[in-house]
2 protein chains.
Amino acid sequence: MALGTELSIGQVAQRTGVAVSALRYYETQGLLQANRNAGGQRRFARATLRRISFIIAAQKFGFSIARIRELFVNLPENRTPNETDWSKIALEFRAELDAKIASLEKLRDNLDGCIGCGCLSMKKCALYNADDKVAAHGAGAQLL
Amino acid sequence: MALGTELSIGQVAQRTGVAVSALRYYETQGLLQANRNAGGQRRFARATLRRISFIIAAQKFGFSIARIRELFVNLPENRTPNETDWSKIALEFRAELDAKIASLEKLRDNLDGCIGCGCLSMKKCALYNADDKVAAHGAGAQLL
DNA sequence: CCTTGACCTAAAGTGAGCTTTAGAAATTAC
DNA sequence: GTAATTTCTAAAGCTCACTTTAGGTCAAGG
């Protein structure tokens, strides 16, 4: 495969560190798109690497695939996203990040005041009554 | 059930907001212990409320059940944990929280420098090469 | 006493995010 | 040209943290 052209799924996997199976999964979830060559194999545009880079980062922050898909609807489908396209997403993303970090810090500070405070009532406990905005709306692990 | 005595699973659920099924699950996972009354029903010591409060908070921070169990091994089994017992756990917990928050902040700052930066190479991208310590070691959602 | 609601166990089901498997076709390397 | 590697699809499997279900037992109120 010549340089400057599209990439096979294996090449994308190697460059991003994301498993081939995960890339195929992302495609089924609408996070990635791929052309097909004559033999039916996926060929990814180089701009896809950037999308994947974003997916990796967003997942580290705990964003679900559904939420990432929502952010991606702002990216153009018929041309390679430019800096302005990404900046719009970054703005929205950044705001959510700040909110999440602030929420975690608040929870941490509540914890400081509560652990060892001797309170036995869940009703009065600052920890228990901490900002629920950090709580998951579904099941499963969070943050790490 | 008189005041000052042990609590039924329904009472614990009501006070903590944790589902009865989740409480039973936590018991199977070794996060909680319960005595049984003559009829075989669970009776929770009041100190259990504090353990549950901690579980709720730790989960908001993304700690897995396995990790919470590890933190709990430092709590005494044969007596009610006192402030000193909890403080030891809080110290360890707090350190991990700070690390996680710092890691998220670093990732956010890397994002600021990377989104829209025009770099196309995953090898050079600060975002892609951000601190991997935040990455999950298993499957599933994180942080929220 | 008897009904109603709370509680019991064990096992199966759920949803997110993938991975693994199986069997076949395409591509690359020699 | 042929062997090895990569890729393909569809479906099943896996982990985590629970919930739901099914079929009972226990406890509190009237």
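Just so we're clear, the structure is a prediction, and the values are computed from it rather than from any experiment. Note on naming: letters A, B, ... go to the chains in the order of the sequence lines (proteins, then strands), and numbering restarts at 1 for each one.
As rounded to whole Å, 14 Å separates atom P of D:dA27 from atom CD of B:Q11. The interatomic distance linking A:F44 (CZ) with D:dC8 (C1') rounds to 12 Å, in whole Å. If you take CZ of A:F63 and C1' of C:dG17, they are 17 Å apart, rounded to a whole angstrom. In this structure, CD1 of B:I9 is placed 15 Å from P of D:dA27, rounded to the nearest angstrom. Look at CD1 on B:I56: it is 14 Å from C1' on D:dA17, rounded to the nearest Å. Rounded to whole Å, atom P of C:dA26 lies 13 Å from atom CZ of A:R43. Atom CD1 of A:I68 and atom C1' of C:dA16 are 12 Å apart (whole Å). A:Q41 places its CD atom 7 Å from the P atom of D:dT7, with the value rounded to the nearest Å.
For B:Q59, the listed nucleotide lying nearest its side chain is D:dC18; candidates were C:dT27, D:dC18, C:dC18. Proximity note for A:I65 (side chain, C-beta onward) versus C:dA6, C:dC18, C:dT27: the nearest is C:dC18.
Residues B:Y26 and B:V18 form a side-chain contact, since some pair of their non-hydrogen atoms from C-beta on lies under 4.5 Å apart. Using a 4.5 Å heavy-atom cutoff, the side chains of A:L71 and A:R67 are in contact. Taking the side chain as every heavy atom from C-beta outward, A:L7 and A:T48 never approach each other to under 4.5 Å. In this structure, B:T16 and B:L49 have side chains that are in contact, with non-hydrogen atoms separated by less than 4.5 Å. Side chains of B:L32 and B:R24 form no contact here, defined as non-hydrogen atoms less than 4.5 Å apart.
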message: As a quick check of understanding, evaluate side chain to side chain contact (heavy atoms under 4.5 Å, CB included) for B:L75 and B:W86, giving each step before the final call.
response: CA-CA 7 Å; B:L75 286 181; B:W86 280 111; 3.7 Å; yes
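For the pair B:R42 (side chain) and B:N35 (backbone), a donor-acceptor distance under 3.5 Å is absent. Remark: the backbone N or O of A:K106 is not paired with any side-chain donor or acceptor of A:D109 at under 3.5 angstrom.
A search for salt bridge (charged side-chain N to carboxylate O under 4.0 Å, His left out) contacts involving B:R108 returns A:D98, not counting sequence neighbours.
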Short heteroatom pairs, N/O only, protein and nucleotides 19-22 of chain C, under 3.5 Å:
residue : atom : partner : partner atom : Å
C:dT19  : OP2  : A:S21   : OG           : 2.4
C:dT19  : OP2  : A:A22   : N            : 3.1

Restricting to nitrogen or oxygen on both sides, can you table the protein-nucleotides 9-12 of chain C pairs closer than 3.5 Å?
residue : atom : partner : partner atom : Å
C:dT9   : OP1  : B:R36   : NH1          : 3.0
C:dT9   : OP1  : B:R36   : NH2          : 3.0
C:dT9   : OP2  : B:R42   : NH1          : 3.0
C:dT9   : OP2  : B:R42   : NH2          : 2.7

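A close approach under 4.0 Å does not occur between any side-chain nitrogen or oxygen of B:Y26 and OP1 or OP2 of D:dA17. One finds a side-chain N or O of B:N37 lying less than 4.0 angstrom from the OP1 or OP2 phosphate oxygen of D:dA27.
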